[in-house]
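Note sheet for the following structure.
Please read all numbers here as calculations on a predicted model, not as lab measurements. Below, each value reflects all heavy atoms present in this structure, side chains not excepted, and no hydrogens, waters or symmetry copies.
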Amino acid sequence: PLLEEAYPFLPKNVYQFIEDYLTSNETILVLQGPPGTGKTRFIRAILASITEKVGRNAEAMFTSDFNALENDEIFIDFITGSEDIFIVEDSDHLLTSRGSGNRLIHKFLNVSDGLIQGQGRKIIFSTNLPNVNDIDDAILRPGRCFDHIQFRNLDRNETFKLCERLDISEHTSERLLNKKTFSVAEIYKLFNN
């Protein structure tokens with residue numbers, strides 16, 4: 001399960017945020033931040049919530065393959081298929097502006113409105129792009145994008161709250177004292193050791 005302490009930057013309770021996204025009219029969710037900050041774990045929780053909501057395993061389309069996205073077939077499959085969600089991890093090259101030569105973004109813009117929106121399907125982008133200004137404005141447009149969440153490392157206070165919640169011993173968490181920020185991945189690694 002996701003822990004609140006791992007996502008202090010969310011605007012509300014983790015599971016309430018997921019529920020609001022899944023029941024919203026908006027199709028797109030953008031998760032942006034450095035590796036190890038919990039984006040993939042968050043996506044897994046969304047898939048689990050869809051599974052619980054629909055009473056069967058969530059059907060997801062997943063890719064980060066640039067060549068597959070150049071072909072319209074994957075988009076046709078998404079529109080006509082039974083997938084509940086389209087997940088595009090490491091989508092840095094797909095989210096940049098059309099003005100910088102991005103030829104694929106229009107395909108996502110087309111499928112994120114209209115038919116897909118009416119079917120309640122969702123599209124999640126995860127990206128390591130460092131700046132929100134690197135993302136094409138049309139992806140983040142209200143009515144299309146439910147939210148853009150900036151994932152980040154946890155500060156020392158947030159780290160100790162998560163360590164306490166995970167019941168990581170004080171001795172183990174002392175290894176973290178020499179740093180100012182910590183990724184969720186680092187903390188879970190300690191938890192699993």
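- Linking ILVMFWY residues whenever their side-chain heavy atoms come closer than 4.5 Å, directly or via other members, leaves F62 and F108 in distinct clusters.
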List the atom pairs, donor and acceptor, that lie under 3.5 Å between side-chain atoms in residues 40-49 and the rest of the protein, sequence neighbours left out.
from	atom 1	to	atom 2	distance (Å)
T40	OG1	E89	OE2	2.6
S49	OG	A45	O	3.1

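- Side chain of E70 to main chain of N67: no donor-acceptor pair is present (N/O by atom type, distance under 3.5 Å, no hydrogens or angles).
- A donor-acceptor pair is defined here as one N or O able to donate and one able to accept, closer than 3.5 Å; such a pair exists between the side chain of Y21 and the backbone of T27.
- With hydrogens and angles ignored, the 3.5 Å screen pairs a side-chain donor or acceptor of E4 with a backbone N or O of V14.
- N102 places a side-chain N or O within 3.5 Å of a backbone atom of T96 that can act as its donor or acceptor partner.
- In the hydrophobic cluster analysis, where Ile, Leu, Val, Met, Phe, Trp and Tyr join through side-chain heavy atoms closer than 4.5 angstrom, I123 is grouped apart from I149.
- Using a cutoff of 4.0 Å between basic side-chain nitrogens and carboxylate oxygens, R165 and E5 are scored as salt-bridged.
- Checked against the 6.0 Å centroid criterion, the rings of F17 and F146 qualify as a close aromatic pair.
- Formation of a donor-acceptor pair under 3.5 Å by the H106 side chain with backbone atoms of R103 is found in this model.
- Side-chain atoms of R144 never come within 3.5 Å of backbone atoms of E26 as a donor-acceptor pair (strictly under, hydrogens ignored).
- Checking N128 against K39 by side-chain atom types alone, a donor-acceptor pair falls below 3.5 Å.
- Q150 CD: more than 12 foreign heavy atoms inside a 6.0 Å radius.
- Under a 3.5 Å cut-off, the side chain of R152 and the backbone N or O of G33 do not form any donor-acceptor pair.
- The closest side-chain donor-acceptor pair between Q32 and T127, if any, does not fall under 3.5 angstrom.
- Ion pairing between K122 and D84 fails under the 4.0 Å rule for side-chain N and carboxylate O.
- Around the NZ atom of K107, the shell of radius 6.0 Å holds more than 12 heavy atoms that belong to other residues, nucleotides or ligands.
- Counted within 6.0 Å of CG on D155, heavy atoms from surrounding residues, nucleotides or ligands total more than 12; the atom is thus considered enclosed.
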